[in-house]
Q: 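Got a structure for you, questions after.
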Amino acid sequence: TQLLEQSPQFLSIQEGENLTVYCNSSSVFSSLQWYRQEPGEGPVLLVTVVTGGEVKKLKRLTFQFGDARKDSSLHITAAQPGDTGLYLCAGRSPVFNDMRFGAGTRLTVKP
Amino acid sequence: KAGVTQTPRYLIKTRGQQVTLSCSPISGHRSVSWYQQTPGQGLQFLFEYFSETQRNKGNFPGRFSGRQFSNSRSEMNVSTLELGDSALYLCASSLNVGTDTQYFGPGTRLTVL
């Protein structure tokens, strides 16, 4: 069982649609990070959320950290083909003190 | 400010050989972490270095090792390569050890034949 569970695993939508990706855990995290990764490249940091209940916006992307700091969501408004990629959430394991990643959500936005 | 650089970008080796991968962190960043990414297992933590000392190690066999130099540059070595070692190896840098916000390099794609 992954420390961070992401859903859905795959998402294929049309340009202009909205979507939400979830990252859930039974553990409490001091912070969570969201990354986007394109094929053959390293993950690119999108945001770090630190405070329970925090909402951060990055253009059409809205990130939320759960009140209990166990979960997070990423909402994309009016998705564009350039949003296509693998979205990963990450957090430091409170037990092992190493960074753990979710399995990712592979998003495809069709023009 | 230049990002994290990794060399080489691509590498093909045969079983039993060894390989060394290199990583240069963002200027001013003192912590370097290494990850292995495969389609089946996703991103898995290998080790974290700070001030030339390994601070944490993931659940990988002893064939995987690393080191960090005084200028914060890091190398990882895999000895006696196995087919299952084929993966994208990613290096990430952060300001200090235990800092959760990390910046990744483009990775080294290792193929073991």
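Residue numbering restarts at 1 for every chain, and letters A, B, ... go by the order of the sequence lines. Just so it is clear, the structure is predicted and the values come from calculations on it, not from any experiment.
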Q: Are the side chains of A/Val50 and A/Phe65 in touch, meaning some heavy atoms are under 4.5 Å apart?
A: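 The answer is no, as the side chains (C-beta and beyond) never meet within the 4.5 Å cut-off.
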
Q: With a 4.5 Å cut-off on side-chain heavy-atom distances among I, L, V, M, F, W and Y, is there a chain of contacts connecting B/Val4 to B/Val32?
A: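 Cluster IDs for B/Val4 and B/Val32 differ.
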
Q: So what's closer than 4.5 Å to chain A heavy atoms on B/Gln44: side chain, backbone, both or neither?
A: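 Contact with chain A: none, neither part.
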
Q: Mind checking which of residues 50-78 of chain B sit less than 4.5 Å from chain A, heavy atom to heavy atom?
A: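 The stretch touches chain A at B/Asn56.
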
Q: Between A/Phe29 and chain B, which part of the residue has a heavy atom less than 4.5 Å away: side chain, backbone, both or neither?
A: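 The answer is neither part of A/Phe29.
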
Q: Assigning hydrophobic clusters by single linkage (Ile, Leu, Val, Met, Phe, Trp, Tyr; side-chain heavy-atom cutoff under 4.5 Å), is B/Tyr89 placed with B/Val19?
A: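 Yes, B/Tyr89 connects to B/Val19 through the hydrophobic network.
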
Q: Between B/Tyr35 and chain A, with a heavy-atom cut-off of 4.5 Å, which part of the residue counts as in contact: side chain, backbone, both or neither?
A: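 It is the side chain, since no backbone atom gets that close.
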
Q: Check whether any side-chain heavy atom of B/Thr38 sits under 4.5 Å from a side-chain heavy atom of B/Leu88, and report yes or no.
A: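 Result no, sub-4.5 Å side-chain heavy-atom pair not found.
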
Q: Is chain B contacted by the side chain of A/Glu41, its backbone, both, or neither, given a heavy-atom distance below 4.5 Å?
A: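 Both the backbone and the side chain of A/Glu41 come within 4.5 Å of chain B.
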
Q: Tell me, out of B/Gln102, B/Arg109, B/Glu48, who's got the most heavy-atom pairs with chain A below 4.5 Å.
A: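 When all of B/Gln102, B/Arg109, B/Glu48 are compared, B/Gln102 has the most.
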
Q: Looking at A/Pro43 and B/Leu43, what are the two nearest heavy atoms and their distance?
A: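 Here A/Pro43 and B/Leu43 meet closest at CG-CD1, 4.2 Å.
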
Q: Can you find a heavy atom in the side chain of A/Leu19 that is under 4.5 Å from one in the side chain of A/His75?
A: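 A side-chain contact under 4.5 Å is absent here.
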
Q: For the backbone of A/Tyr87 and the side chain of A/Gln37, can you confirm whether one donor and one acceptor N or O come within less than 3.5 Å of each other?
A: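 Answer holds: no.
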
Q: Is there any side-chain hydrogen bond (donor to acceptor under 3.5 Å, both in side chains) pair reaching into residues 50-69 of chain A, and which pairs are they, with sequence neighbours excluded?
A: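 As it turns out, the side-chain hydrogen bond (donor to acceptor under 3.5 Å, both in side chains) pairs with a partner in residues 50-69 of chain A, which skip direct neighbours, are A/Arg60-A/Asp83.
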
Q: For the residue pair A/Leu74 and A/Leu61, establish whether any side-chain heavy-atom pair is separated by less than 4.5 Å.
A: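 Of all side-chain heavy-atom pairs linking A/Leu61 with A/Leu74, at least one is under 4.5 Å.
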
Q: Heavy-atom cut-off 4.5 Å, strictly under: side chain, backbone, both or neither for A/Leu86 against chain B?
A: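 Contact with chain B is through the side chain of A/Leu86 alone.
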
